[in-house]
There are 2 protein chains.
Amino acid sequence: MARFKGQAEYSVDSKGRTAIPAKMRTALSPEALGTFTLTKGFEQCIYVYPLDQWKIKEEEYGNLNTNNRDARHLVRMILMWAEEVSLDGQGRISLPKALSDFAGIRDKVLIIGAMDRIELWNPEHFAHYLLEHTEDQETLAEKVMGS
Amino acid sequence: MARFKGQAEYSVDSKGRTAIPAKMRTALSPEALGTFTLTKGFEQCIYVYPLDQWKIKEEEYGNLNTNNRDARHLVRMILMWAEEVSLDGQGRISLPKALSDFAGIRDKVLIIGAMDRIELWNPEHFAHYLLEHTEDQETLAEKVMGS
DNA sequence: GACTGCGTGGGGAAAGGTGGGGAATTTTCC
DNA sequence: GGAAAATTCCCCACCTTTCCCCACGCAGTC
């Protein structure tokens, strides 16, 4: 499985394209075929899953019973935002308008490696996010991984 | 199996035709033969099943116990609205009047990929639908897919 | 100091969405 | 039963968007 890490602030050009950092590109499995599935993240950002990783997610959703009202709604909410994009010859992807609108991304994007996915943030929004979550890492670690 | 995802707002022309997004067309299996079965959706929308996927649904409904009053009624309700349509040379389908009336679709249509089917919504109705389902994704995911 | 890798920008060709005309078929009405 | 009207289907044409390719400049490396 691909393990992404690190951060970078890149620009988004007039055509809505942004480069994926070379370090993250080299972390991709060959099975990903240079293709990602972008979707709406929890919090105001875009989740970027490599194709092979997304297949696993998709499988889960496909097994839900669509005769169940809540399941139907969940599938709608997740899939309507999902979009498949591929790297161009320069190692860039183009951001679907619906998603960059949602995340408030315009001409700058903060790219964060987060294990099995990459996250795209509006740099300013991310700064705000940090301000709202001032708990220090030590406390969090204890809360989450404690016992 | 075809896996549809993404969203798009397209127009419906004066002849009641609407294009199927190219991304969804490429997701079609060859067995679908560019043919869909449209039927009344749960919630106020139109369900669009590729031919091969519809066969599976048909099988499911065919296996229901027709001695059961509810099952009998459900099958009637679903099948009486079902209609088969094919893509034209431009990748469009024409919407049966009964269905577009039911969904309230006029000159604009919101097209949503939802796994094995495509959904057609009146954009405004969909906005209302979203307002009525404000549960956040995280809670819903937990409810539906367990811990 | 030249070379290579990487992020950025843009031009041109191809594809995709939209609209409409006209022939063939079906429906309706006299 | 036949003519008129409406509908359906197939094709062509336009225009915007997308995709693919080429080019530049900066940075780190040998």
Side-chain angles (χ1 to χ4, degrees), chain A residues 4-28 33-38 46 48 51 82-101 105-113 118-123, chain B residues 2 4-28 32-38 46 48 51 82-101 105-113 118-123:
Chain A
F4 302 107
K5 52 181 174 292
Q7 58 169 310
E9 188 171 325
Y10 280 6
S11 57
V12 180
D13 66 22
S14 57
K15 294 182 181 178
R17 297 174 301 186
T18 186
I20 298 296
K23 287 190 180 170
M24 298 187 190
R25 290 202 306 262
T26 56
L28 281 174
L33 301 168
T35 303
F36 300 93
T37 298
L38 276 57
I46 301 176
V48 181
L51 189 60
E83 197 99 18
E84 205 168 288
V85 298
S86 290
L87 291 168
D88 68 8
Q90 279 61 47
R92 295 173 292 193
I93 58 174
S94 57
L95 305 178
K97 197 169 170 310
L99 284 171
S100 51
D101 280 352
I105 293 171
R106 300 181 153 227
D107 48 358
K108 287 284 168 191
V109 59
L110 180 66
I111 305 173
I112 300 179
I118 297 169
E119 296 185 357
L120 306 181
W121 289 77
N122 173 323
Chain B
F4 301 108
K5 54 179 170 290
Q7 56 172 313
E9 188 171 325
Y10 279 8
S11 56
V12 180
D13 65 22
S14 55
K15 295 181 183 179
R17 297 174 301 185
T18 187
I20 299 295
K23 293 213 172 134
M24 298 186 189
R25 290 203 306 263
T26 56
L28 284 173
L33 300 169
T35 304
F36 300 93
T37 298
L38 275 57
I46 302 175
V48 181
L51 191 58
E83 194 114 5
E84 207 168 275
V85 298
S86 290
L87 291 168
D88 69 7
Q90 277 63 46
R92 295 175 291 194
I93 58 174
S94 56
L95 305 178
K97 196 166 170 312
L99 285 171
S100 51
D101 279 352
I105 293 170
R106 300 181 151 229
D107 49 356
K108 287 284 168 193
V109 59
L110 181 67
I111 304 174
I112 297 179
I118 297 169
E119 296 185 354
L120 306 181
W121 289 76
N122 173 324

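The chains referred to below are lettered A, B, ... by the order of the sequence lines, with proteins before strands, and numbering in each begins at 1.
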Check the distance between [N]'s [atom2] and [X]'s [atom1] and give it to me in whole angstrom.
X	N	atom1	atom2	answer
Ile111(A)	dC6(C)	CD1	C1'	13 Å
Lys108(B)	dG17(C)	NZ	P	13 Å
Asp13(A)	dG11(C)	CG	P	12 Å
Tyr10(A)	dG9(C)	OH	C1'	16 Å
Leu95(B)	dC9(D)	CG	P	13 Å
Lys97(B)	dT8(D)	NZ	C1'	16 Å

Any side-chain heavy-atom pair of Leu38(B) and Pro96(B) under 4.5 Å: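 Result yes, sub-4.5 Å side-chain heavy-atom pair found.
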Non-hydrogen side-chain atoms of Phe36(B) and Leu28(B) separated by less than 4.5 Å: yes
What side-chain donor-acceptor pairs closer than 3.5 Å can you find for residues 88-95 of chain A, not counting sequence neighbours?
unit_1	atom_1	unit_2	atom_2	d
Asp88(A)	OD1	Gln90(A)	N	2.8
Asp88(A)	OD1	Gly91(A)	N	3.1
Asp88(A)	OD1	Arg92(A)	N	2.9
Asp88(A)	OD2	Arg92(A)	NE	3.1
Asp88(A)	OD2	Arg92(A)	NH2	3.4

Base versus backbone protein contacts along nucleotides 19-30 of chain D [heavy-atom cut-off under 4.0 Å; B, S, -]: BBBBB-------
Residues that Ser86(B) engages under side-chain hydrogen bond (donor to acceptor under 3.5 Å, both in side chains), provided they are two or more places apart: Thr35(B)
Rounded to 10 degrees, the angle between the two terminal axes of the helix from dG1(C)-dC30(D) to dC30(C)-dG1(D), each from five pairs: 20°
Of all pairs that satisfy salt bridge (Lys or Arg N to Asp or Glu O under 4.0 Å), the ones with a partner from residues 15-27 of chain A, not counting sequence neighbours: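 Non-adjacent pairs meeting salt bridge (Lys or Arg N to Asp or Glu O under 4.0 Å): Asp13(A)-Arg17(A).
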Phosphate OP1/OP2 of dA15(C): any Arg25(B) side-chain N/O under 4.0 Å: no
Partners passing side-chain contact (heavy atoms from CB on, under 4.5 Å) against [X] (at least two apart in sequence or in another chain):
X	result
Ala82(B)	Thr37(B), Thr39(B), Trp54(B)
Lys108(B)	Glu9(B), Ser11(B), Pro123(B)
Ala98(A)	Trp81(A), Gln7(B)

